[in-house]
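As structure tokens, the structure follows; a few thoughts come after it.
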Amino acid sequence: MRLPGRQMSEISFARALNEALRDSLADDPRVVVFGEDVAAAGGSFGVTRDLQKQFGRSRVRDAPISEAAIGGAAVGAAISGLRPVIEIMFMDFVGFAMDALVNQAAKAHFMFGGQCCVPLVARMPHGGGLGAGPQHSQCLEAWFAHVPGLKVVCPSNPSDGYALLRASIADSNPVIFVENKALYGVRAEISEPRPQALLSRARVARSGGDVTIVTYGAMVGVALGAADELANRGIEVEIIDLRTLQPWDEGAVADSLQRTHRLVVFHEAVAAFGVGAEIVTRMVHVAFDELDAPPVRVGAPFMPVPFSPSLESRQRPSARELIAAVLEVME
Amino acid sequence: MTPRTLVLPKLGLTMTEGTIVEWQVGEGRRFAAGDTLSVIENDKAATELVSEENGVLDRILVNAGESAPVGAVLAEWHDDGVSSGQVSPPGDNDPDVLVRRNRRASEAMAAEIAPPRSARSATGQGGEAAGRLRISPYARRLALRHGVSPLELKGTGPAGRVKAADVERARARTESLRHDRAAGAPEKIPLQQPVRVMRPFVLAADLAFDADRRMAGFAPGAGLSSWILMAAGHALGFYEPLRRLVFITGNARIEVPRGACRIAALQAALQSGGRDAAVDDALAVLDIPREGIRYLIAPPAGGFWAQLTAARADGNLSLQLSADIARISPDAASNLLLAIKSRLEDPCLMLL
């Protein structure tokens, strides 16, 4: 469908993020980009390609191989007036930057009486399915969602990738921007002029009256596939794409439950102590009288991601487990 | 001889397809572990594909110069050894199998935390187990809203849990029965159906007599029966085990709209209301007896689902609610009685 004055074009997720960085750099002289291999090499997944050529070495620069230095520099730059966007090559490496993000970025606004804010964005890819092994495939977003003072964003498609990255850079709080590696090559239509979005607003990716599936990131696509198969069995699921995990859109989920009365939370991260646990707990509390079946969460088993592709494909939550969970709550 | 396939390996994190540059082993040729079979090129580098086993190349499916996605079968070959292929157990990919497996696991856990099935009441209906009703929160709310007694429901969910669908089914049954009656169709009573014995229970609540005085300020000129009707009618709008209100005075049964909590509306209803209201779904309010006389009736009279009586005694007003346990749970009944009591004590609640 083409709306008048609104053109559509098809680009990849990585390209959409690249454009969001380019447009933010162009619009706001305070925005700077740095990280490992982001300048000359254009980023390990090509997200920062050509940015240094366009904006120069002072605004887009390579960092030494030290996540601690990258995180610390970002906090300092943000407090002193810049809007840094850093790239952590793999989310698995963010442990080295945890002090800067958790103890400094998240706390500064509260510890100094609101006199400063820390408007940084830390981009980091998560997710498996690429045979990248246990140290390059983890989904650790729950770590950050547990820290007051941090926002956590995880888009599911190129259009949201563009809009949410721009909103994250414009936000005055530290934002952990999580990109699923499996999405980088995914192409989809995106509107021209480019879309805008607010943080903390979920999106109904598919409407249905039988079961609410709450998910985010690359699992939205998996859920949409499962929805088609469930529709063949006569079950219509509603898929809520959270988009922002912290603070998340409780109202959208509770609203959907008033129609479906059944809840399944689906994410690639390990199920134990995860995002799904939080969502289920909140819904059991605020929407208890809406529930017609015990809520179920579907996530990875409590194991590291295996290297072997055949083992990894069994470990990674799939449409199969999601369908089984939906059938379970429909019993 | 075991037929085997050679697939295009993933040679880098971002590799999705590759091009066969050349085949170094031709169809029908023997090769040994360590031999280079072909050269594959992706967007980063060209790589030799080295065999890990001995075998014979039967057929090439992707020729030199052609591209294929990662995982595509490039060629078929065979070895002379023993098959090492792992075959998935049948149905392992079937979601239904997974559901059954999950159910077995949760039933095993339920057995651990609950007494075994044989130890439970054998007579319990539907979701009733060991005195506890298994019912989903939403189904409980629906049952309350539609005045369906959960004890009458047959639970079809896991472990006999009552689901919303069970309540809707029971409600549809009641509705169609009511519809038949309204349409004048003779009620069909199948042979050998056991006569339903009413299982009544009675709840009582006492109010200080000055409640009376407050009602007089709220609706001057009305009698105590009218005040009780107004309070009951308003309370029914919030607690919904029952949906209709019938006033019994003399030989008349007068249907009172439950919204009639203004004195003018009530008086109009009492004058124009039908004289022979149906009993289902209804709370009957008996006219106040003469001073010094109290009703001591346990079962709701005339087949009503519940009945409210009141009497003045010792400067207090005493309310009694009797109800059929098959229709209304004691919980719902006590909520209703408390709601009526609080409205008599504080008539301003009826302005809400």
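Chain identifiers are assigned alphabetically (A, B, ...) following the order of the sequence lines, protein sequences preceding nucleic acid strands; residue numbering begins at 1 within each chain. Owing to the predicted nature of the structure, the values given are computational and were not obtained by experimental measurement.
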| said: Around atom CD of A:E250, are there more than 12 heavy atoms from other residues, nucleotides or ligands closer than 6.0 Å? | reply: yes

| note | Between B:R161 and A:A293, the two heavy atoms sitting closest are NH1-CA, 4.4 Å

| Region of B:K10 that comes under 4.5 Å of a non-hydrogen atom in chain A | side chain

| Residues in ring-ring contact (aromatic ring centres under 6.0 Å, His included) contact with B:Y138, at least two apart in sequence or another chain | A:H261

| field | Residues in side chain to side chain donor-acceptor pair (under 3.5 Å) contact with A:E236, at least two apart in sequence or another chain | value | A:R206

| request: Please check if atom CD1 in A:I65 has more than 12 non-hydrogen atoms from other residues, nucleotides or ligands closer than 6.0 Å. | output: no

| message | Counting heavy-atom pairs closer than 4.5 Å to chain A, which one of B:S136, B:G71, B:P137 comes out on top? | response | B:P137

| query | Thinking salt bridges, do B:R141 and A:E290 make one under a 4.0 Å N-O criterion? | reply | yes

| Proximal component of A:Y184, with respect to chain B [non-hydrogen, under 4.5 Å] | neither

| said: Less than 4.5 Å to any heavy atom of chain B: does that hold for the side chain of A:R233, its backbone, both, or neither? | reply: side chain

| Are there more than 12 heavy atoms of other residues, nucleotides or ligands under 6.0 Å from atom CZ of A:F93? | yes

